Trainee: 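Have a look at the structure that comes next, please.
In the text below, chain A, chain B and the rest are named by the order of the sequence lines, each starting its count at 1. Predicted model only: the values in this text are computed from it and were never measured.
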Protein chains: 2
Amino acid sequence: MTTTRESVTQAGAASPRLHRGSLTKQTIVAAALGILDDHGNPGLTFARLGKELGAAPTAMYRHFPSRDEILLAVADELIGMSIDGYEPSESWMDSLRDLAYRAWHTFAAHPAAATQTFFRVTRGPNELRAVNAILEAIHRAGWTGTEAVFQYHVFSNLVLSTSGTHAARVAVRQESEANGNVEWNQEYYPAHPEDYPYVVAAREDFRTINLFEIYKGQVEAVLSQMARKAQLQIQ
Amino acid sequence: MTTTRESVTQAGAASPRLHRGSLTKQTIVAAALGILDDHGNPGLTFARLGKELGAAPTAMYRHFPSRDEILLAVADELIGMSIDGYEPSESWMDSLRDLAYRAWHTFAAHPAAATQTFFRVTRGPNELRAVNAILEAIHRAGWTGTEAVFQYHVFSNLVLSTSGTHAARVAVRQESEANGNVEWNQEYYPAHPEDYPYVVAAREDFRTINLFEIYKGQVEAVLSQMARKAQLQIQ
DNA sequence: ACCTGAACACCGTTCAAGT
DNA sequence: ACCTGAACACCGTTCAAGT
């Protein structure tokens, strides 16, 4: 922690040069994810990465061409954490439900990282695994061809948008709490309450909402709609 | 355009000091939105705001305490653009459908601004108008109390998450096109195609998907589910 | 809730030089 | 597809000074 001191001239080890290959994509990605978890979104800098890894800030450029590419690698890592351990169940509905909940929980556990990445196409290996797993379940539901890709988008759009937006809100809340604010929720106290009667009447109820319950309801709606339409098509 | 030149000593007007009150929250917000539209997300800086408004970069601090507060004002402006001209239709379903499409199109027209703001609670006047309008339609559908707020979230979550995520993807695409990249879409060419059979089989279909069509389908699913449940409750 | 200019601490990226 | 240190252009924010 208290390494860089210019006390110097003493016994070596002021900054023990890293030996070749001690930095890899994987260690950098892991450090980046940890920094995002601990310091939130503005915390991910080359300086902090260097400190965390005991390397010069610019050493990262040997492994990634830019900060954005590090974020894309973090994005793929997040997808990997979501599907690691996933096994298709016998029921395609259970499979998709499982994948949907995995995404929500991974994003909620890493809100800052999810916020910056959930809308990106990573083209990484884990994204391919996830897309393939979703398409596999949709094929088992009875969909093929263009229809299968349409249903893929209905499902993955809902999962990514909703889980990602939730993560973004959690990240904002954590940041504003760190700054001493608590005013992030939707309890409105308008200056002219008579202009917004429905908002004022609903004020107490806004506090009690569980967003994961709403997500579950939306996932069920999509799955049952998918089942209904698939049966219609088969008949 | 070519104002700041230190040719100086010539006829005055090198930088004609602004008269008091020529800067307002509204002009700053309008300039910020224009900059985001023209230069994308990293383009919104105090320097550019100053240039655009003919003012010193630091003059903004008289009107907003931070860059983030400018973004929140842009967020409320975006909501205002969405609902300006909105009139509740006789049918609550048509009302909600109208509000849903307005959000999508506003966000799609201002992708950079939407990307940074769609998940924020602005507490501004336009947000209040929008929340009130949604709750009003939901009450006409027959919902009250906690149930109404639950349905509010099902609807507004879908609208904001999906439209906002779409805007974020459009913004990424515009940025990568500006940098000469075209690889933003989901046509996958994996190194080991045999590992991802469904992905490879669906490659052509990924190109043809219209995301607004998918959004429309999801909005219809939520509205008809809302209608069904409301009738069950009334009986 | 005025506007400007200098100054500060920080940030991503480049590049010549060291192993 | 090695690691470091100096340098560059930029960025948000603060603050004393000008109207």
Trainee: Listed by chain and number, what are the ring-ring contact (aromatic ring centres under 6.0 Å, His included) partners of A:Tyr101, not counting sequence neighbours?
Mentor: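 For A:Tyr101, the residues satisfying ring-ring contact (aromatic ring centres under 6.0 Å, His included) (neighbours in sequence not counted) are A:Phe212.
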Trainee: From the options C:dT13, D:dG12, D:dA1, select the nucleotide whose nearest atom is closest to the side chain of A:Phe46.
Mentor: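 It is C:dT13.
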Trainee: Taking atom C1' in both D:dC11 and C:dA9, compute the distance separating them and give it to the nearest angstrom.
Mentor: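 Comparing C1' positions in D:dC11 and C:dA9 gives a spacing of 10 Å.
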Trainee: Starting at CD1 of B:Ile28 and ending at C1' of C:dC2, how long is that distance when rounded to a whole Å?
Mentor: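 The answer, rounded to whole Å, is 12 Å.
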Trainee: Between C:dC2 and D:dA16, how far is it from one C1' atom to the other, in whole Å?
Mentor: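 Looking at atom C1' only, C:dC2 and D:dA16 are 15 Å apart.
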Trainee: Check whether any side-chain heavy atom of A:Asn132 lies under 4.5 Å from a side-chain heavy atom of A:Arg129, and answer yes or no.
Mentor: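 Contact flag for A:Asn132/A:Arg129 side chains = no.
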Trainee: Test: salt bridge (charged side-chain N to carboxylate O under 4.0 Å, His left out). Region: residues 31-48 of chain A. Which pairs qualify, not counting sequence neighbours?
Mentor: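 Qualifying pairs, neighbours excluded: none.
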Trainee: If a pair satisfies ring-ring contact (aromatic ring centres under 6.0 Å, His included) and one of its residues is in residues 111-130 of chain B, list it, with sequence neighbours excluded.
Mentor: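 Applying ring-ring contact (aromatic ring centres under 6.0 Å, His included) to every pair that reaches into residues 111-130 of chain B, excluding sequence neighbours, yields nothing.
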Trainee: State which residues pass salt bridge (charged side-chain N to carboxylate O under 4.0 Å, His left out) with A:Glu204; sequence neighbours excluded, sorted by chain then number.
Mentor: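 Partners of A:Glu204 by the salt bridge (charged side-chain N to carboxylate O under 4.0 Å, His left out) criterion, ordered by chain and then number, come out as A:Arg207.
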Trainee: What pairs of residues pass the ring-ring contact (aromatic ring centres under 6.0 Å, His included) test when at least one of them lies in residues 61-88 of chain B, not counting sequence neighbours?
Mentor: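 Matches after skipping sequence neighbours: B:Phe46-B:Tyr61.
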Trainee: Does anything in residues 58-72 of chain A come within less than 4.0 Å of DNA chain D? Heavy atoms only, and list the residues if so.
Mentor: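 Of all residues in residues 58-72 of chain A, the ones placing a heavy atom under 4.0 Å from DNA chain D are A:Thr58, A:Ala59, A:Arg62, A:His63.
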Trainee: Specify the separation, in whole Å, of atom CG of B:Leu49 and atom P of D:dT13.
Mentor: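 About 12 Å, once rounded to whole Å.
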Trainee: List in chain and number order the residues that pass side-chain contact (heavy atoms from CB on, under 4.5 Å) with A:Ala100, two or more places apart in sequence or in another chain; answer none if no residue qualifies.
Mentor: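 With sequence neighbours excluded, A:Ala100 shows a side-chain contact (heavy atoms from CB on, under 4.5 Å) to A:Phe155, A:Val159, A:Tyr215, A:Val219, given in chain and number order.
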Trainee: Which is true for A:Leu44 with a 4.0 Å heavy-atom rule: it touches a base, it touches only sugar-phosphate, or it touches nothing?
Mentor: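 The answer is sugar-phosphate, as A:Leu44 gets under 4.0 Å only of primed atoms, P, OP1 or OP2.
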Trainee: Could you write out DNA chain D as a dot-bracket string, with dots for unpaired bases, | for bases paired across to another strand, and Watson-Crick or G-U pairs counted at under 3.5 Å?
Mentor: .|.|||||...|||||.|.
Trainee: Using the salt bridge (charged side-chain N to carboxylate O under 4.0 Å, His left out) criterion, which residues pair with B:Glu52? Sequence neighbours excluded.
Mentor: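 With sequence neighbours excluded, B:Glu52 shows a salt bridge (charged side-chain N to carboxylate O under 4.0 Å, His left out) to no residue whatsoever.
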Trainee: Could you state the NE2-C1' distance from A:His39 to C:dC10, rounded to the nearest angstrom?
Mentor: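 Nearest whole value for this atom pair: 15 Å.
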